[in-house]
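Structure first, commentary second.
In what follows, chains carry the letters A, B, and so on, assigned in the order in which the sequence lines appear, proteins first and then strands, with residues in each chain numbered from 1.
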Protein chains: 2
Amino acid sequence: MSVSLASAALNGHKHHGIAMPWLGAEQTAEVALGGPVLHFAADRRIYAEGDDARSYYKLVSGVVRTCKFLSDGRRQIDAFLLPGDVFGFEGGTIHRLSAEAVSDCTIIAYRRRGTEAIIAADDRIARQFFSYAMSCLEQTRDHCLLLGRGSAAQKIGAFLLEMADRGDSATKVELAMSRQDIADYLGLTIETVSRTLSQMEREGTIALQTTRKVVLRNRRALEDLNA
Amino acid sequence: MSVSLASAALNGHKHHGIAMPWLGAEQTAEVALGGPVLHFAADRRIYAEGDDARSYYKLVSGVVRTCKFLSDGRRQIDAFLLPGDVFGFEGGTIHRLSAEAVSDCTIIAYRRRGTEAIIAADDRIARQFFSYAMSCLEQTRDHCLLLGRGSAAQKIGAFLLEMADRGDSATKVELAMSRQDIADYLGLTIETVSRTLSQMEREGTIALQTTRKVVLRNRRALEDLNA
DNA sequence: CGAATACTTGATGAGACTCAAGCGCCGTGG
DNA sequence: CCACGGCGCTTGAGTCTCATCAAGTATTCG
């Protein structure tokens, strides 16, 4: 039962690294386990690094960021989560990252204890949880590659392509996050992000309809950056 | 046979992130699954990105690096593996990283198919595999933090502390890897690595007994870098 | 309309990269 | 035994990218 639903949800979604489509999965389980539907305003904290990992969450609408903070106040954003993505899932008992609402968002909470019961009861689900962890891992490794090796233009290009792939349109990207968020995701400063985007617009690679609406005019040029 | 060796190697080591101590657990399973003991000379490839993930491996002796290659020939090293560590474990059917011997090393191969049978048969094992994946994830996220935010000195400092924590001595670090490997791990150039180490020696933070033998003279100074 | 916030743009400088020698260690061979 | 390369590492000089500091513009909201 829960399994077949899980498969259906899976097929209906494209894979974008951090998504856990399969979780859409056990509706029976959701009835049993789904906590309240929560709402967070933009920039509200959902949980902090170090908090007890009592629940994990599925994003219904809006955008969420997961991040770590450094002692000097700076921030490294680990990932942006889009609707359908699941986050806050931990191997241990505490959260290793903070999660914050980028925009207003709606979230369903799942109790952790229930999940463990599911894992114990159904090894196919267990394998899917494992597979989720491995997807996250792969995405994080790609992120490392970008952070370690890319120029500002390469980082911004990869970021825009990632957002385009995960969004609805292949050429129009609606950025829910601020320049500061982008900077903290890519290991750059806000000024460099801004300058690089302006530069790309001057070159005709992209168009900035508004600061948050980007049109990819020359997708090829962006892809060639990281070639 | 290989089993007792495996367990011995396992028990003799502390946890350092990527280790999979729990594997020591099912000795019966190891008897059934342990493949041949393999030997690789320094700089030999163990598997390449894209290869079928038929097996995963446990490192018995020596040091291994896992990495990705970029089109321009550059390399990002994902992790260094020390004896006791397990690697080559994948969610999908192919390897997402290459693995290469840093020094001469001895490795035990485990068949993947058998592993899946174990997961199906024993949910405790399944949970441990999941937990392993989450450890890797955590380590990789920390690596991202370093790559995205650190100065050269911060990166080198963190690297030395990591190696010291994982090694036998708290103050003497034996580097199995070349400067190039370190550079590719930290997202720096070989020259910057060299210069930074020299600088640290001039300041009395470390001593370079030989190019590969580092003594941490002022651990505190290194820790304060990333404060 | 004014104030706050987010973003862009410019000038400058620091840090890391690039290019280019130079050193030191080893193994080889004369 | 020492000369010779080869290789890995270090060091130096110059350049370039990106961070920093500092305005200035746009957009939103009261």
Over all heavy atoms of both residues, which pair between Met163(A) and Leu175(A) is shortest? Give the atoms and the distance, please.
-> CG-CD2, 4.3 Å

Looking for any heavy atom pair under 4.0 Å, which part of the strands does Ser194(A) touch: base, sugar-phosphate only, or nothing?
-> base

Measure from [atom1] on [X] to [atom2] on [N] and round the result to the nearest Å.
| X | N | atom1 | atom2 | answer |
| --- | --- | --- | --- | --- |
| Leu197(B) | dG8(D) | CG | P | 17 Å |
| Leu225(B) | dG15(C) | CG | P | 13 Å |
| Leu175(A) | dA6(C) | CG | P | 15 Å |
| Arg202(B) | dT10(D) | CZ | P | 11 Å |
| Lys155(B) | dC17(C) | NZ | C1' | 12 Å |
| Leu208(B) | dG24(C) | CG | C1' | 14 Å |
| Lys213(A) | dC7(C) | NZ | P | 14 Å |
| Ile156(A) | dT8(C) | CD1 | C1' | 14 Å |

Pick from Arg179(B), Arg75(B), Lys155(B): which one makes a salt bridge (Lys or Arg N to Asp or Glu O under 4.0 Å) with Asp184(B)?
-> Arg75(B)

Check whether more than 12 heavy atoms from other residues, nucleotides or ligands sit under 6.0 Å from atom CZ of Arg212(A), and answer yes or no.
->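 Correct, the count exceeds 12.
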
Take atom CZ in Arg219(B); do more than 12 heavy atoms of anything else shown fall under 6.0 Å from it?
->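 Yes, CZ of Arg219(B) has more than 12 neighbouring heavy atoms, counting only those of other groups under 6.0 Å.
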
Scan nucleotides 13-30 of chain D nucleotide by nucleotide, 5' to 3', and note B when protein non-hydrogen atoms come under 4.0 Å of the base, S if they reach only the sugar-phosphate, - if neither.
-> B----SSBBB--------

Can you list the steps and then say if Phe89(B) with Tyr110(B) is a ring pair (Phe, Tyr, Trp, His ring centres under 6.0 Å)?
-> CA-CA 10 Å; Phe89(B) 205 82; Tyr110(B) 295 86; 10.0 Å; no

Would you kindly say whether Arg111(B) and Ser55(B) are connected by a side-chain donor-acceptor distance under 3.5 Å?
-> yes

State whether Arg166(A) and Glu162(A) are salt-bridged, where the test is any N-O pair (Lys NZ or Arg NE/NH1/NH2 against Asp/Glu carboxylate O) under 4.0 Å.
-> yes

When rounded to the nearest 0.5 angstrom, what is the spacing between CG in Leu188(A) and CD1 in Ile156(A)?
->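 Those atoms lie 5.5 Å apart.
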
With a 4.0 Å heavy-atom cut-off, tell me which residues in residues 214-221 of chain B come close to DNA chain D, sorted by residue number.
->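 Nucleic-acid contacts, sorted: none.
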
Name all residues meeting the side-chain hydrogen bond (donor to acceptor under 3.5 Å, both in side chains) criterion together with Thr205(A); count only those two or more places apart in sequence or in a different chain, and write none if there are none.
-> none

